[in-house]
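Working notes for the structure below.
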Amino acid sequence: MSSKKISAFAVLFLLCFFSVACAADRNKVLEAWSHQNSFQDSGGTEQNLALRATYYSNEFVEALVAAEAEKNLWTKDEMENFKYTLLKNLNLGEAIPFHIYMEVTGVPMYASPFDRYVTLMVKGKKYSPIDYDKRFNFKIIGQRDGMVFFPRYDPKTGKEILEGAKELRLIFSNSISHALSAQGRDLIWVWDLTKDRGKINEGKAADRLEADRLLKRSDKLKTDREALLKQLEALDKEYSDVNSRIDELQSK
């Protein structure tokens, strides 16, 4: 075999090895941001529950985009378009998203309304979902999965919840199912935010998402401004009427 053929073979081998290694690294990232466990109630209801929750961290989103781009042989623009659509669907500008998967066998599971059984704790404060897949409200038997969204900004202070946070705690109330209730305590899963090294706020997709957010904010400010102007006009009219009446009374 000639040296050129050997070199070409070596390059091809290295490229394949690098691709496989990258895919393995991405799989590790994807798995790192998921927690899962199984629970069983054998004390009467015979209910089994397999539960998994995935937090869409910056690193997770980047790995997911890279995996899809490699699988579909996308160009950089195609990858950015996919990333933009993904970020928009995840509503990352306003929400903290989780994907929940569960499989119930034996006795069906009833968890309605679902948002009463799931809580997010950040820096000692608890937050309820602002939206979730409403299929979780119906009888669950077999497989069921969907998204759950928590607020990204504190409703009282308006500050970003994740700013300065070192961890997320997702809490499932033990009363959500017989299988979990049999454990005698709530299920608490913790995500270490200090390990989130992704940078999804960079690139064309992030710029487009930021532009969308600013346009939405601009529309809201315009609406608020118009409402305030109407209030100001009403106050000006009342002020004028009051002063006219004062002048009228003083002239008598």
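We number each residue from 1, following the sequence as shown.
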Mind jotting down which residue pairs meet the salt bridge (charged side-chain N to carboxylate O under 4.0 Å, His left out) criterion with at least one end in residues 165-181? Sequence neighbours excluded, please.
Glu167-Arg169

Side chain to side chain donor-acceptor pair (under 3.5 Å): pairs with one or both residues in residues 104-115, sequence neighbours excluded
Asn48-Thr105

Report yes if the side chains of Asp41 and Leu180 come closer than 4.5 Å at any heavy-atom pair, otherwise no.
no

Inter-residue atom distance Gln40.CD - Leu49.CG, 0.5 Å rounding:
11.0 Å

Side-chain contact test, heavy atoms from C-beta onward, threshold under 4.5 Å: evaluate it for Pro97 versus Asn91 and give yes or no.
no

NE2 of His178 to CZ of Phe39, rounded to nearest 0.5 Å, is 15.5 Å

Do Phe172 and Ile100 make a side-chain contact, defined as non-hydrogen atoms from C-beta onward lying under 4.5 Å apart?
yes

Do the side chains of Glu68 and Lys71 get close enough for a salt bridge, i.e. N-O under 4.0 angstrom?
yes

Run the salt bridge (Lys or Arg N to Asp or Glu O under 4.0 Å) check on Arg245 and Glu248 step by step: do they pass?
CA-CA 5 Å; Arg245 181 56 178 164; Glu248 181 181 339; 2.9 Å; yes

Partners passing salt bridge (charged side-chain N to carboxylate O under 4.0 Å, His left out) against Asp131 (at least two apart in sequence or in another chain):
Lys134

In one Ile/Leu/Val/Met/Phe/Trp/Tyr side-chain cluster, 4.5 Å: Leu64, Leu90:
yes

Could you list all the salt bridge (charged side-chain N to carboxylate O under 4.0 Å, His left out) pairs where at least one residue sits in residues 150-159, not counting sequence neighbours?
Lys125-Asp154, Arg152-Glu160

Checking Phe149 now: which residues fulfil ring-ring contact (aromatic ring centres under 6.0 Å, His included) with it, not counting sequence neighbours?
none

Please answer: with hydrophobic residues joined when any side-chain heavy atoms are less than 4.5 Å apart, are Tyr101 and Phe136 in the same cluster?
no

Can you list everything that forms a salt bridge (charged side-chain N to carboxylate O under 4.0 Å, His left out) with Lys220? Sequence neighbours excluded, please.
Asp224

Flag, side chain of Asn58 to backbone of Asp196, donor-acceptor distance under 3.5 Å
no

Is there a side-chain contact between Met109 and Ile176 in this structure, where contact means two heavy atoms from C-beta onward sitting under 4.5 Å apart?
yes

Salt bridge (charged side-chain N to carboxylate O under 4.0 Å, His left out) with Asp133: which residues, sequence neighbours excluded?
Arg135

Quick check for you: to the nearest 0.5 Å, what is the distance between Ser173 atom OG and Arg116 atom CZ?
9.0 Å

Partner residues of Phe60 under the ring-ring contact (aromatic ring centres under 6.0 Å, His included) criterion, sequence neighbours left out:
Tyr56

Contact check, side chains of Lys237 and Glu233, non-hydrogen atoms, under 4.5 Å:
no

Using the test salt bridge (charged side-chain N to carboxylate O under 4.0 Å, His left out), find all partners of Asp236 that sit at least two apart in sequence or belong to another chain.
none

Give, for atom OG1 of Thr54 and atom CG of Asp145, the distance between the pair rounded to the nearest 0.5 Å.
10.0 Å

Between the main-chain N or O of Trp33 and the side-chain N or O of Lys195, is there a donor-acceptor pair closer than 3.5 Å?
no

Tyr132: which residues meet the ring-ring contact (aromatic ring centres under 6.0 Å, His included) condition with it, sequence neighbours left out?
Phe114

Would you check if Tyr55 and His35 make a side-chain contact, meaning some heavy-atom pair closer than 4.5 Å?
no

Looking only at heavy atoms, the pair that brings Gln47 and Pro108 closest together is NE2-O, 3.0 Å

For Lys126, side-chain contact (heavy atoms from CB on, under 4.5 Å) partners two or more places apart:
Thr119, Met121, Ile171

Minimum-distance pair of heavy atoms, taken over all atoms of Pro155 and Tyr127:
CD-CE2, 4.2 Å

Using the rule that two of Ile, Leu, Val, Met, Phe, Trp, Tyr join whenever any of their side-chain heavy atoms come within less than 4.5 Å, decide whether Ile161 and Trp189 are in one cluster.
yes

Restricting to pairs with a member in residues 44-59, which pass salt bridge (charged side-chain N to carboxylate O under 4.0 Å, His left out), not counting sequence neighbours?
none

Is any side-chain heavy atom of Asn81 closer than 4.5 Å to a side-chain heavy atom of Trp74?
no

Output the distance between atom CE (Met79) and atom CD (Glu70), rounded to the nearest 0.5 Å.
11.5 Å

Run the salt bridge (Lys or Arg N to Asp or Glu O under 4.0 Å) test on Glu31 and Lys28 for me, step by step, so that the C-alpha distance in whole Å, both residues' side-chain angles and the decisive distance to 0.1 Å come before the verdict.
CA-CA 5 Å; Glu31 292 173 2; Lys28 287 182 180 178; over 6 Å; no

Within a strict 4.5 Å, meaning less than it, do heavy atoms of the Leu162 and Leu168 side chains meet?
yes

Would you please classify the geometry between the Phe98 ring and the Phe150 ring as parallel, tilted or perpendicular, with 30° and 60° separating the classes?
perpendicular

If hydrophobic clusters are built by linking Ile, Leu, Val, Met, Phe, Trp and Tyr wherever their side-chain heavy atoms come under 4.5 Å apart, do Leu87 and Tyr153 end up in the same one?
no

Report the residue from Gln143, Arg144, Gln36 that forms a side-chain contact (heavy atoms from CB on, under 4.5 Å) with Met102.
Arg144

At what distance, to the nearest 0.5 angstrom, does CG of Leu170 lie from CG of Leu120?
6.5 Å

